[in-house]
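Notes follow once the structure below has been shown.
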Amino acid sequence: MIRFLLYSLLLVALIGCTAPKKLNRKLGYFEPKNSSGETIVNTNGGSTDSFSGRLNLLYEKKIRGAINSPIYAGDDFIGFLTTRNRFLFFDPETGKRICRVKKGKGYILNPVVTDSLIVLVRKIPLGEIRVRNLFTNKTIQERTVNQIRSGPILCNNSLAIGTTTGIELLSLPELRTEWTFDVKTIIDLTPQTDGETVYFAGGGGLVGAVNASDGGLVWKQELKRDIVSEMTLGTYLYLGLDDGAVLALDVRTGREVWETQLECEVHGQFSEANGLLYFGGTDTKVYALSVNTGEIVWSFATAGIVTAPPITFGNSVIVGSYDRHLYSLDRETGQLLDKQLLEGPVNFAAMVHKNKILVACRKNRLYCFEGN
């Protein structure tokens, strides 16, 4: 009897120790986003002059479920989706889990997070958008939108999404339709925006741009080749094609600026910094191209395909590979500065948050490296 009571008390204690299911407001809000909805600190954040390029491990934490989205940054927390259908939040200083939010099944990867809200989009069977407050864990708005095909992106406090016929812009958090643009083609790549223009791409190599204010057409063209990468907006609009070509288009007219032919496909996103365009390929290499000409400046071979977008920090390029390594490369030459073996493959970008480099791998691990 006593043993039974002890087991019962232990079970109650374990149930009571489960992680909270909402964020504490004292931790602050998600950090400011750029016009493409990306966390500003996620690309080239932190004090870069003191980073040597060495990847000194501060901690490694086991997590429940593999990472299944980019890492998002808050004032005093980071968060990401996992394969267990949870949005997990951690203290970046210690790696301690702060809370978890159940997101449900069937949702597209890469939700929008802004201030205190998370926007989840489900594309099957009909298409559903749900806006949830992370501090209360309550759904404040939801709406069925037929035939959603792409993830959402934040555009001037509204949401742009791709559908089976074009682009739709919805108010946030009300989810009212502000405008639609019909191209009679599936738009299955996440749109990009600079705040004034929304760029889209989809089936059959169709790519174009519309006004963010009213959805009026700016330009469009058919590339006659399929797009296999994510779209990236920088000085130009960058695309990877199914024949191994990397294409840069003028953002104002859609005209080709340059095309560089590779012997592989590019499936991830591109990253632009200091006049160079960084990305990884299915041939296991990390590339740096001249933004102005498309000329290959350097390439570095890993031992696995590279789909995680590289990030720049100080004079280094930080990128993970399917060979289970995180690499630190010289930004100008591609020379190896350091590498660290992780528990599993890396398929999402690392991030810099308050001078710390954070990365998660597919084998349920979160890593933090010193950024000084």
Side-chain angles (χ1 to χ4, degrees), residues 31-34 36 38-60 67 70-78 80 90-95 232-235 238 268-281 285-292 295-302 306-321 323-342 346-361 365-372:
E31 296 194 7
K33 308 291 187 299
N34 62 21
S36 295
E38 300 168 330
T39 307
I40 292 173
V41 74
N42 194 24
T43 52
N44 303 302
S47 175
T48 62
D49 54 358
S50 59
F51 181 58
S52 66
R54 299 286 297 177
L55 297 170
N56 300 314
L57 183 66
L58 294 179
Y59 63 77
E60 171 189 348
I67 184 172
I71 300 175
Y72 300 87
D75 293 333
D76 290 311
F77 58 86
I78 60 169
F80 53 83
F90 297 88
D91 180 347
E93 295 293 326
T94 64
T232 303
L233 181 62
T235 302
Y238 304 108
Q269 283 186 309
F270 303 87
S271 176
E272 180 184 334
N274 303 104
L276 294 177
L277 184 69
Y278 304 100
F279 58 92
K285 292 181 180 179
V286 182
Y287 289 90
L289 270 58
S290 167
V291 166
N292 294 327
E295 178 185 2
I296 298 176
V297 177
W298 57 258
S299 65
F300 175 86
T302 72
V306 182
T307 61
I311 65 169
T312 56
F313 184 41
N315 292 319
S316 299
V317 173
I318 309 296
V319 62
S321 168
D323 68 2
R324 301 190 300 151
H325 283 88
L326 183 70
Y327 292 90
S328 175
L329 309 174
D330 185 276
R331 192 176 67 189
E332 301 295 333
T333 67
Q335 179 184 356
L336 178 66
L337 301 177
D338 199 6
K339 67 177 181 178
Q340 287 287 337
L341 178 64
L342 309 183
V346 179
N347 61 334
F348 287 99
M351 71 169 301
V352 175
H353 182 58
K354 296 185 178 180
N355 275 345
K356 290 181 174 58
I357 301 167
L358 296 123
V359 65
C361 73
R365 294 293 191 280
L366 173 67
Y367 298 86
C368 179
F369 296 93
E370 187 177 24
N372 292 324

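Atom set for the values below is all heavy atoms of this structure, side chains included, hydrogens, waters and symmetry mates excluded.
- With E272 as the partner, the side chain to side chain contact (heavy atoms under 4.5 Å, CB included) test is satisfied by one option alone out of T232, L289, L233, L277: L277.
- Looking at Y367, its side chain never comes within 3.5 Å of a backbone N or O of C361 through a donor-acceptor pair.
- Two residues are said to be in side-chain contact when any heavy atoms from C-beta on lie closer than 4.5 Å; F279 and V306 fail this criterion.
- Relative orientation of the Y327 and H325 rings is tilted, given thresholds of 30° and 60° on the angle between their planes.
- For R324, the salt bridge (charged side-chain N to carboxylate O under 4.0 Å, His left out) test picks out no residue, with sequence neighbours left out.
- In this structure, the salt bridge (charged side-chain N to carboxylate O under 4.0 Å, His left out) partners of E93, at least two apart in sequence or on a different chain, are K356.
- How far OG of S328 is from CG of L337: 4.5 Å, rounded to the nearest 0.5 Å.
- Classification of the F270-Y238 ring pair by plane angle, with boundaries at 30° and 60°, yields tilted.
- A distance-only check finds a donor-acceptor pair linking the side chain of S271 to the backbone of P310 [under 3.5 Å].
- Annotation: the span from W298 atom CH2 to R331 atom CZ amounts to 11.0 Å, rounded to 0.5 Å.
- Scored by the ring pair (Phe, Tyr, Trp, His ring centres under 6.0 Å) test, F80 finds F90 as partners (sequence neighbours excluded).
- Taking the side chain as every heavy atom from C-beta outward, F77 and Y72 never approach each other to under 4.5 Å.
- We find the CG-CG distance between L57 and L342 to be 9.0 Å, quoted to the nearest 0.5 Å.
- Taking CG from L336 and CZ from F300, the interatomic distance works out to 4.5 Å, rounded to the nearest 0.5 Å.
- Here the side chains of L276 and E332 are in contact, with some heavy-atom distance below 4.5 Å.
- Put simply, the side chain of L326 reaches to within 4.5 Å of the side chain of F369, judged on heavy atoms.
- Atom CG of L366 sits about 5.5 Å away from atom OH of Y59, to the nearest 0.5 Å.
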